[in-house]
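Just so it is clear, the values below take in all heavy atoms, side chains as well, and ignore hydrogens, waters and symmetry mates.
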Amino acid sequence: MIGLKRGTVKLCDHEKEWEIEAQNTIRRLKEVLGDVIKGIEHVGSTSILSIKAKPIIDIALAVDSFDDILAYEQELLEAGFYYRPKAQASLRNQLLFACGSYYDESGDIQTHFIHVVLTGSMDWKNYINFRDYLNNDLAVAKEYEALKVSLAEKAPIDAGREQYLKGKHDFITYTLRKALVKSYLGKTVDIKIDRPIGYVHVKEGYSLTYPINYGYIPGVLGGDGEELDVYLLGVDEPVEEYSVHIIGIVHRHNDVEDKLAAAPVGKSFTAEEIADAVRFQEQYYDSEIEVYNG
């Protein structure tokens with residue numbers, strides 16, 4: 001089954017047809033847009049293999065400039081992709097195209113949503129990370145499914161659609177936070193250091209001296225809305241930037257953000273060693289260390 005009456009909330013068991021339809025849709029979009037597309041993926045609940053979902057296909061499409069895709073608005077319309085400019089207020093830095101009989105006024109069914117985002121943006125990262133995180137963690141996927149089922153039972157018609165969306169918000173926000181840090185585990189990235197060894201930070205009436213380098217991944221926003229922080233171990237002098245291997249995650253259970261732990265490529269540290277190195281700051285939080293074991 002593909003498609004749902006606009007405004008309704010109905011969940012269906014996962015179907016292989018969803019992935020087939022998503023790939024057919026991606027092919028059609030590539031035929032229209034060609035090299036304008038810098039990335040395109042099946043996302044949303046229909047891309048999560050183990051859970052029920054509304055039978056509407058979500059596609060994330062990355063472009064370098066929104067003008068690039070708006071130049072093809074007529075061609076997309078002729079191919080059955082309808083631009084929805086009024087949706088932009090809720091989508092922030094995205095464009096939305098949609099498919100279905102509701103849009104050509106021959107019926108009331110929605111079948112596809114095409115979420116157009118900028119190349120390398122947090123929106124692009126979030127779509128991919130959320131899908132991959134749930135596909136790799138069955139327990140979290142089933143938790144999401146249970147929440148969706150509960151909300152759907154309370155919101156089967158248009159009047160409850162907003163309630164359904166709001167009900168998922170906290171879960172999605174928290175899961176995106178976890179999916180983001182998990183996506184960097186084991187990877188090599190370039191970081192900027194804004195609090196080098198010896199940096200003194202005055203905070204709420206006391207001072208904190210940094211015994212290790214502490215920085216962030218530029219352009220990547222963590223759970224607090226600021227750039228994602230990284231502890232750098234294994235470098236004994238102050239530095240301004242560094243190419244690092246992400247060796248661990250500092251999960252904070254009583255805060256809105258998590259931290260990454262990194263080391264120079266080729267170096268590794270145990271969970272206990274990471275905990276000792278970051279205790280100067282993490283002593284003020286309920287933290288747990290996850291170490292990369294790849």
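A salt bridge links Lys192 to Glu241: one of the charged nitrogens lies within less than 4.0 Å of a carboxylate oxygen. The pair Lys259-Asp229 counts as a salt bridge, with a side-chain nitrogen and a carboxylate oxygen less than 4.0 angstrom apart. Looking at Glu31 and Arg28, no side-chain N of the basic residue comes within less than 4.0 Å of a carboxylate O on the acidic one, giving no salt bridge.
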Any chance you could lay out the side chain to side chain donor-acceptor pair (under 3.5 Å) test for Tyr210 and His201, step after step, and finish with the verdict? CA-CA 8 Å; Tyr210 283 72; His201 180 52; 5.4 Å; no
Criterion salt bridge (charged side-chain N to carboxylate O under 4.0 Å, His left out) on Lys142 and Glu145, from CA distance to verdict: CA-CA 5 Å; Lys142 287 301 182 183; Glu145 179 184 57; 3.2 Å; yes
As a quick check of understanding, evaluate side chain to side chain donor-acceptor pair (under 3.5 Å) for Tyr103 and Gln110, giving each step before the final call. CA-CA 8 Å; Tyr103 301 102; Gln110 296 174 311; 2.5 Å; yes
Decide yes or no on side-chain contact (heavy atoms from CB on, under 4.5 Å) for Val291 and Ile247, but give the supporting numbers first. CA-CA 6 Å; Val291 176; Ile247 60 169; 5.7 Å; no
Could you walk me through whether Val230 and Ile217 satisfy the side-chain contact (heavy atoms from CB on, under 4.5 Å) test, starting with their C-alpha distance in whole Å, then the side-chain angles of each, then the deciding distance to 0.1 Å, before giving a yes or no? CA-CA 7 Å; Val230 183; Ile217 302 177; 3.9 Å; yes
Go through it in stages, so that I can follow the logic: the residues are Tyr206 and Tyr284, the test is ring pair (Phe, Tyr, Trp, His ring centres under 6.0 Å), and I'd like the CA-CA distance, side-chain angles, deciding distance and then a yes or no. CA-CA 12 Å; Tyr206 69 93; Tyr284 303 106; 5.4 Å; yes
Verdict with supporting geometry, Asp58 and His115, side chain to side chain donor-acceptor pair (under 3.5 Å): CA-CA 7 Å; Asp58 289 282; His115 307 272; 2.7 Å; yes
Yes or no on side chain to side chain donor-acceptor pair (under 3.5 Å) for Gln94 and Tyr127, after CA distance, side-chain angles and deciding distance? CA-CA 12 Å; Gln94 299 187 34; Tyr127 279 127; 2.9 Å; yes
Apply side-chain contact (heavy atoms from CB on, under 4.5 Å) to Leu118 and Phe66, showing your working. CA-CA 7 Å; Leu118 294 177; Phe66 290 140; 3.8 Å; yes
After noting the C-alpha distance and the side-chain angles of Met122 and Val220, does the key distance pass the side-chain contact (heavy atoms from CB on, under 4.5 Å) rule? CA-CA 7 Å; Met122 284 304 303; Val220 176; 4.2 Å; yes
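Inter-residue side-chain proximity for Lys187 and His245 is flagged as unmet; no heavy-atom pair is nearer than 4.5 Å. Annotation: side chain of Leu134 is in contact with side chain of Thr175 (closest heavy-atom distance under 4.5 Å). Contact annotation: the side chain of Leu4 never approaches that of Ile109 to less than 4.5 Å [non-hydrogen atoms, C-beta and beyond]. At least one side-chain heavy atom of Leu33 sits under 4.5 Å from a side-chain heavy atom of Ile69. Using a 4.5 Å heavy-atom threshold, the side chains of Tyr83 and Leu95 count as touching. Inter-residue side-chain proximity for Glu15 and Pro55 is flagged as unmet; no heavy-atom pair is nearer than 4.5 Å. Looking at Val116 and Leu96, their side chains never come closer than 4.5 Å, going by heavy atoms from C-beta outward. Looking at heavy atoms from C-beta onward, Leu208 lies in side-chain contact with Phe280 at the 4.5 angstrom threshold.
In this structure, Ser121 contributes its side chain and Val117 its backbone to no donor-acceptor pair below 3.5 Å. At least one donor-acceptor pair closer than 3.5 Å links the side chain of Thr119 to the backbone N or O of Val63. Within the 3.5 Å criterion, the main-chain N or O of Tyr102 finds no donor-acceptor partner in the side chain of Arg6. Using a distance-only test at 3.5 Å, with no hydrogens or angles considered, a donor-acceptor pair links the side chain of Asn213 to the main chain of Ile197. No donor-acceptor distance shorter than 3.5 angstrom exists from the side chain of Asp68 to the backbone of Val36, with no hydrogens or angles considered. Judged by distance alone, the side chain of Glu273 and the main-chain N or O of Thr270 form a donor-acceptor pair under 3.5 Å. Under the 3.5 Å distance criterion, the side-chain polar atoms of Ser150 are left unmatched by any main-chain donor or acceptor of Leu147. A donor-acceptor pair is defined here as one N or O able to donate and one able to accept, closer than 3.5 Å; no such pair exists between the side chain of Asp286 and the backbone of His253. Not a single donor-acceptor pair under 3.5 Å links the side chain of Lys54 to the backbone N or O of Lys10. A donor-acceptor contact shorter than 3.5 Å links the side chain of Trp18 to the backbone of Met1.
Checked against a 6.0 Å centroid threshold, the rings of Tyr82 and Phe97 do not count as neighbours.
For the pair Arg252 and Tyr285, the cation-pi criterion (under 6.0 Å, within 45° of the ring axis) is fulfilled.
The two residues Leu180 and Gly222 make their nearest non-hydrogen contact at CD2-CA, 4.1 Å. Taking all atoms of both residues into account, the shortest heavy-atom contact from Thr188 to Ser243 is CG2-OG, 3.7 Å. In plain terms, the two heavy atoms of Phe269 and Ala263 that are nearest each other are CE1-CB, 3.8 Å. Shown here for Leu260 and Tyr184, the closest heavy-atom pair between the two residues is CD1-CB, 3.9 Å. Looking at every heavy atom in both residues, Ile212 comes nearest to Leu232 through CB-O, 3.7 Å.
Within 6.0 Å of the CD atom in Gln283, the count of heavy atoms belonging to other residues, nucleotides or ligands exceeds 12. Counting heavy atoms of neighbouring residues, nucleotides and ligands inside a 6.0 Å radius, atom NZ of Lys38 exceeds 12 of them. Within 6.0 Å of the NZ atom in Lys148, the count of heavy atoms belonging to other residues, nucleotides or ligands exceeds 12. By the 6.0 Å contact criterion, CG on Asp35 is open, its count of non-hydrogen atoms from other residues, nucleotides or ligands being 12 or less. Annotation for Asp236: atom CG does not count as buried by contact number, only 12 or fewer foreign heavy atoms lying within 6.0 Å.
Results of the side-chain contact (heavy atoms from CB on, under 4.5 Å) test with Val181 over Asp258, Asn129, Ile246 single out Asp258 as the only residue that passes.
Distance CZ/Phe130 to CD1/Ile48: 5.0 Å, rounded to 0.5 Å. Atoms OG and CG, on Ser183 and Leu176 in that order, are 10.5 Å from each other to the nearest 0.5 Å.
Thr25 and His112 form a side-chain donor-acceptor contact under 3.5 Å, judged by distance and modelled atom types alone. For Gln281 and Tyr231, the side-chain atoms include at least one donor-acceptor pair closer than 3.5 Å. Using a 3.5 Å distance cut-off with no hydrogens or angles, the side chains of His42 and Gln23 do not pair a donor with an acceptor.
Residues passing the side chain to side chain contact (heavy atoms under 4.5 Å, CB included) test with Ile40 are Ile26, Leu29, Lys30, Ile37, Ile59, Leu61, sequence neighbours excluded. When the ring pair (Phe, Tyr, Trp, His ring centres under 6.0 Å) test is applied to Phe171, the partners found at least two apart in sequence or on another chain are Tyr144.
The cluster map of Ile, Leu, Val, Met, Phe, Trp and Tyr, joined by side-chain heavy atoms under 4.5 Å apart, puts Ile191 and Tyr214 in different clusters.
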